[in-house]
Protein chains: 2
Amino acid sequence: MSVYTSNQPRAGLDDDKIPPNCINNITVDNLIFAVENGNLKVLLVKYSEGLAADKWGLIGHWVQEDENLDSAAVRVVKTITGVDNLYLDQLAAFGNVDRYPIRRTITVVYYSLVRMEETCVVPKNDRSQCQWFDVRKLPELMFDHRHIMDKGLARLQYKVRHEPIGFNLLPEKFTLLQLQEIYEAILNKKFDKPNFRRKILKMNFLIDCKEKQTNVAHRAASLYRFDNHVYEKLREFGFTFEY
Amino acid sequence: MSVYTSNQPRAGLDDDKIPPNCINNITVDNLIFAVENGNLKVLLVKYSEGLAADKWGLIGHWVQEDENLDSAAVRVVKTITGVDNLYLDQLAAFGNVDRYPIRRTITVVYYSLVRMEETCVVPKNDRSQCQWFDVRKLPELMFDHRHIMDKGLARLQYKVRHEPIGFNLLPEKFTLLQLQEIYEAILNKKFDKPNFRRKILKMNFLIDCKEKQTNVAHRAASLYRFDNHVYEKLREFGFTFEY
DNA sequence: GCAAAAGTGTTCCGTTTACACCCATGG
DNA sequence: CCATGGGTGTAAACGGAACACTTTTGC
């Protein structure tokens with residue numbers, strides 16, 4: 001009997017649970033990040049049976065014979081969160097001989113950024129559950145997932161300082177303070193508001209929507225959106241973005 | 001008949017050439033960099049038979065059942081160059097469905113820095129040869145190796161600006177101008193000598209050997225060596241090195 | 001008016017850049 | 001004495017950090 005269903009990537013983690021169309025020694029795992037109330041969160045899964053029962057871990061699955069690694073990562077994230085159009089980047093491959101107890105398994109790890117309000121995490125069932133965790137208050141993780149998490153956090157902190165990826169965590173239109181809170185959540189430090197404004201605006205990645213917030217108990221802030229055109233232009237020629 | 005011998009990683013590239021103790025769908029490939037006369041070089045291999053006959057490619061091999069990914073990369077580099085104590089870091093995994101013609105193969109790519117004068121590249125034989133190429137004048141590469149090379153160069157350029165890794169390409173004792181030439185070779189741009197000196201020295205990664213060059217037709221330069229102790233200290237607490 | 005956040009202005013200070021200039025050595 | 005690279009000094013420009021201050025909105 002297999003506990004695998006289309007809704008539960010790597011549901012049981014045991015050797016006989018690998019779906020027949022999958023490569024039996026390659027998985028993808030995902031660090032799925034979101035920000036909620038100024039805190040950086042990561043989505044973890046726990047299985048009630050199998051190898052790592054009752055430990056939390058990254059959301060992953062076996063790679064199918066006919067899909068690219070990136071596609072596998074997108075598939076897994078979409079299956080669990082419902083999010084389709086997401087920011088996704090490869091972290092690294094992890095493949096130490098003893099990282100996975102049953103058999104030699106290499107995992108290619110991706111990290112992705114999702115807007116929490118767009119996610120629709122698949123509900124708990126009797127075999128697995130998913131839950132958002134504050135990245136500074138993580139439970140014990142299965143296998144080498146703690147090591148992977150540390151590498152992933154470091155990479156995310158690097159990325160956000162060198163490419164304008166923060167907007168992937170926000171609604172399409174956002175205020176500068178919201179963006180600042182994203183940076184503060186990821187980098188785990190505070191910034192000076194006036195200086196943050198100037199620095200971000202000088203980079204020219206933001207377009208003023210010419211709209212204001214409404215129904216706020218203070219002066220309404222301008223709404224901005226990310227200028228993908230300018231970003232692609234700069235990508236093409238290589239650029240230096242540094243927060 | 002297999003053309004594999006211990007001296008020739010992935011000698012033939014054909015399906016029946018995979019050694020029995022290796023995982024048949026995972027390889028490591030290596031971007032082996034060195035600097036010669038102020039030019040950044042990369043070591044490539046060409047096979048006279050098999051799938052990619054007469055095209056140049058990265059130096060790789062199948063991963064053995066009983067070795068970590070890192071160990072496999074070290075093994076391959078040592079086999080080809082004789083270099084043991086090298087700088088080695090993972091670039092990424094590449095695993096598109098169609099990247100390798102015969103069968104689905106995922107490659108985990110590493111990049112390493114070697115001092116060219118310490119290398120002893122295995123000699124040409126009738127089935128393969130290795131050669132150093134200037135990274136700005138590369139031949140056509142097999143499979144997806146051009147794509148991998150571009151990613152690897154970008155990573156190396158990032159790395160050298162954020163961690164003091166340049167000394168891995170130099171003898172133990174070196175002059176500041178030699179170090180500057182490493183930076184110029186990797187980043188493909190010129191720096192102002194006085195400013196480079198000050199910037200590097202201020203970072204405190206270098207120890208003055210209190211020795212001078214000899215037999216040079218100009219004022220003898222001071223020799224420096226890399227201070228691994230200071231580097232590890234800073235690693236521990238997280239640091240910002242930026243060239 | 002008050003609280004809260006938006007948004008502007010300004011000062012200070014360290015860093016970067018550009019370049020002038022002197023020093024040591026071999027031929 | 002000249003060519004070559006080693007090495008120091010410095011002035012101007014730039015950019016980040018800190019913080020005072022004004023503006024707008026809902027209650």
Side-chain angles (χ1 to χ4, degrees), chain A residues 35 37-38 157 160-162 164 166-167 170-171 173-185 187-225 234 239-243, chain B residues 35 37-39 160-162 164 166-167 170-171 173-185 187-225 234 239-243:
Chain A
V35 170
N37 301 328
Q157 294 189 343
V160 80
R161 293 199 309 117
H162 295 266
F167 64 92
L170 289 171
K173 298 174 180 181
F174 50 85
T175 69
L176 289 177
L177 188 62
Q178 284 178 296
L179 187 62
Q180 181 175 341
E181 282 164 355
I182 295 293
Y183 275 77
E184 292 178 340
L187 298 172
N188 202 22
K189 72 191 256 195
K190 295 287 177 192
F191 295 104
D192 177 85
K193 186 174 43 152
N195 294 337
F196 184 88
R197 290 181 60 80
R198 276 186 287 257
K199 187 154 188 173
I200 291 291
L201 288 175
K202 192 152 55 69
M203 292 173 182
N204 275 100
F205 289 111
L206 297 186
I207 297 174
D208 189 338
C209 297
K210 312 282 184 197
E211 292 177 52
K212 298 273 180 188
Q213 283 179 312
T214 49
N215 282 61
V216 283
H218 54 76
R219 178 170 169 180
S222 291
L223 293 173
Y224 292 87
R225 58 191 171 81
L234 287 176
F239 63 107
T240 48
F241 170 101
E242 171 107 21
Y243 195 88
Chain B
V35 170
N37 301 326
N39 294 115
V160 81
R161 293 200 308 114
H162 295 266
F167 65 92
L170 289 171
K173 298 174 181 183
F174 50 84
T175 69
L176 290 176
L177 189 61
Q178 283 177 297
L179 187 62
Q180 181 175 342
E181 282 162 356
I182 295 293
Y183 275 76
E184 293 178 340
L187 298 172
N188 203 22
K189 72 190 258 197
K190 294 288 177 192
F191 295 103
D192 178 85
K193 187 175 39 151
N195 294 337
F196 184 87
R197 288 182 62 80
R198 275 187 287 257
K199 187 153 187 172
I200 291 291
L201 287 176
K202 194 153 53 72
M203 291 173 182
N204 274 101
F205 289 113
L206 297 186
I207 296 173
D208 190 337
C209 298
K210 311 283 184 195
E211 292 178 54
K212 298 273 180 189
Q213 283 178 314
T214 49
N215 281 61
V216 284
H218 53 77
R219 176 171 170 180
S222 292
L223 294 173
Y224 293 87
R225 59 192 170 82
L234 287 175
F239 65 107
T240 47
F241 170 100
E242 171 108 21
Y243 193 88

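So that the names make sense, note that chain A is the first sequence line, chain B the second, and so on, each numbered from 1.
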Between A/E181 and A/L177, is a side-chain contact (heavy atoms from CB on, under 4.5 Å) present by the stated rule, with each step listed?
CA-CA 6 Å; A/E181 282 164 355; A/L177 188 62; 4.0 Å; yes
Could you run down nucleotides 20-27 of chain C 5' to 3' and tag each one B, S or - for protein heavy-atom contact under 4.0 Å?
B--BBBS-
First of B/K199 and A/Q213 reached from the 5' end of DNA chain C, by closest nucleotide
A/Q213
Among D/dG16, C/dG7, D/dG6, the one nearest A/K202 by side-chain distance
D/dG16
Only counting residues at least two apart or in another chain, list the ones meeting side chain to side chain donor-acceptor pair (under 3.5 Å) with A/K212.
A/S222
D/dG5 base to B/K193 side chain: any donor-acceptor pair below 3.5 Å?
no
With A/K173 via side chain to side chain donor-acceptor pair (under 3.5 Å) - residues at least two apart
A/E211
base_contact_polar (C/dG9 base, A/R198 side chain, donor-acceptor, <3.5 Å)
yes
By ring pair (Phe, Tyr, Trp, His ring centres under 6.0 Å) - contacts of A/Y224 (at least two apart):
none
In whole angstrom, give the distance that lies between atom CD of A/E211 and atom P of C/dA6.
17 Å
Quick one: B/F196 CZ to C/dT15 C1', roughly how many Å, whole number?
17 Å
Reckon A/R197 has a side-chain N or O less than 4.0 Å from the OP1 or OP2 of C/dA6?
no
Starting at CD1 of A/I200 and ending at C1' of D/dG16, how long is that distance when rounded to a whole Å?
14 Å
Is there a side-chain contact between B/S222 and the phosphate of D/dG7, meaning an N or O under 4.0 Å from OP1 or OP2?
yes
Non-neighbouring partners of B/Q213 that pass side-chain contact (heavy atoms from CB on, under 4.5 Å), sequence neighbours left out:
B/T175, B/V216, B/H218, B/A220, B/A221, B/L223
May I have the list of side-chain donor-acceptor pairs in residues 195-209 of chain A shorter than 3.5 Å, sequence neighbours left out?
unit_1: A/N195; atom_1: OD1; unit_2: A/R198; atom_2: NH2; d: 3.0
unit_1: A/N195; atom_1: ND2; unit_2: A/D192; atom_2: OD2; d: 3.2
unit_1: A/D208; atom_1: OD1; unit_2: A/K210; atom_2: N; d: 2.8

For a quick test of reading the model: is some side-chain N or O of A/K190 closer than 4.0 Å to OP1 or OP2 of D/dA18?
no
Which residues pass the salt bridge (charged side-chain N to carboxylate O under 4.0 Å, His left out) test with B/E184, not counting sequence neighbours?
B/K190
Given atom CG of A/D192 and atom P of D/dC19, what is their separation to the nearest angstrom?
9 Å
What pairs with B/R219 under side chain to side chain donor-acceptor pair (under 3.5 Å), at least two apart in sequence or on another chain?
none
Heavy atom of residues 176-184 of chain B under 4.0 Å from DNA chain C: which residues?
none
From CZ of B/F191 across to P of C/dC19 the rounded distance in Å is 17 Å
Between atom CG in A/N195 and atom P in C/dT8, what is the gap in whole Å?
13 Å
d(B/Y243 OH, B/Y183 OH) to nearest 0.5 Å is 8.5 Å
